[in-house]
Amino acid sequence: MIRVTEEAKVLLSTVDLGTLNSAEGAVLRLDPVAYDEETGEVTLSFAPGDGKGNDQIVQHGGKQVLRIAGAVSQRLNGSTMDVVVEEGTEGSRSMGIGIVPPDSDPLTDDF
């Protein structure tokens, strides 16, 4: 299971699937899209899709905000999903989501 911080849940709750031309009933999913057998690196993607029975379900405020594919949740078991803030040029900032394996440094100082 992947631990999802409160900050990440809040950010995920702002995703409006209606603007992504998704089918009615679609949910935000974290799925694997590529696997490099040589390095073992997995590429993940957030996209609207159908829920599956073995998904890890992430909720915020009683609302489902993300479903993590079972294979991803198992492979990254013990990892933490958190908000990543990057400072850009001229004071601009961008936010994204990162996943840190267990026993790694946190992405933010909020821990």
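For this chain, numbers begin at 1 and follow the sequence in order.
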Exercise. Could you walk me through whether Leu66 and Ile57 pass the side chain to side chain contact (heavy atoms under 4.5 Å, CB included) test, one step at a time?
Key: CA-CA 6 Å; Leu66 177 66; Ile57 299 172; over 6 Å; no

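- Taken from CG in Leu76 to CD in Gln56, the straight-line distance is 10.0 Å, to the nearest 0.5 Å.
- In this structure, Leu12 and His60 have side chains that are not in contact, with every pair of non-hydrogen atoms separated by 4.5 Å or more.
- For the pair Leu17/Leu28, a side-chain contact is recorded, criterion being any heavy-atom separation below 4.5 Å from C-beta on.
- When all heavy atoms of Val27 and Gly51 are compared, the pair lying nearest together is CG2-N, 3.9 Å.
- Residues forming a side-chain contact (heavy atoms from CB on, under 4.5 Å) with Ala47 (at least two apart in sequence, or on another chain): Ser45.
- Counting non-hydrogen atoms of other residues, nucleotides and ligands closer than 6.0 Å to CG of Asp50 gives a total of 12 or fewer.
- The CG atom of Leu44 sits 5.0 Å away from atom CG of Leu30, with the distance rounded to the nearest 0.5 Å.
- With sequence neighbours left out, the side-chain contact (heavy atoms from CB on, under 4.5 Å) criterion links Thr14 to Leu11.
- Between the side chain of Ser73 and the backbone N or O of Gly70 there is no donor-acceptor pair closer than 3.5 Å.
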Output a table of donor-acceptor pairs, distance under 3.5 Å, between side-chain atoms of residues 89-99 and any protein atom two or more places apart or on a different chain; print 'none' if there are none.
| from | atom 1 | to | atom 2 | distance (Å) |
| --- | --- | --- | --- | --- |
| Ser92 | OG | Thr89 | O | 3.0 |

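- Between Thr80 and Thr5, the closest side-chain pair of non-hydrogen atoms falls below 4.5 Å.
- Applying the side-chain hydrogen bond (donor to acceptor under 3.5 Å, both in side chains) test to Gln64 and every residue at least two apart in sequence or in another chain returns Arg67.
- Under the rule for a side-chain hydrogen bond (donor to acceptor under 3.5 Å, both in side chains), Ser79 has no partner lying at least two apart in sequence or in another chain.
- Counting heavy-atom neighbours within 6.0 Å of Glu41 CD, excluding the residue itself, gives a total of 12 or less.
- By the criterion of side-chain heavy atoms lying less than 4.5 angstrom apart, applied directly or through intervening Ile, Leu, Val, Met, Phe, Trp or Tyr residues, Val15 is grouped together with Phe46 in one hydrophobic cluster.
- Remark: Asp31 pairs with Arg29 by the side-chain hydrogen bond (donor to acceptor under 3.5 Å, both in side chains) rule, at least two apart or across chains.
- Residues forming a side-chain contact (heavy atoms from CB on, under 4.5 Å) with Thr43 (at least two apart in sequence, or on another chain): Val33, Ala34.
- Glu6 contributes atom CD, which lies 11.0 Å from atom CG of Asp82 (distance to the nearest 0.5 angstrom).
- Evaluation of the side-chain hydrogen bond (donor to acceptor under 3.5 Å, both in side chains) rule for Gln74 yields no partner, not counting sequence neighbours.
- Under a hydrophobic-cluster definition in which Ile, Leu, Val, Met, Phe, Trp and Tyr are linked whenever side-chain heavy atoms come within less than 4.5 Å, directly or via other members, Val42 and Val4 are assigned to the same cluster.
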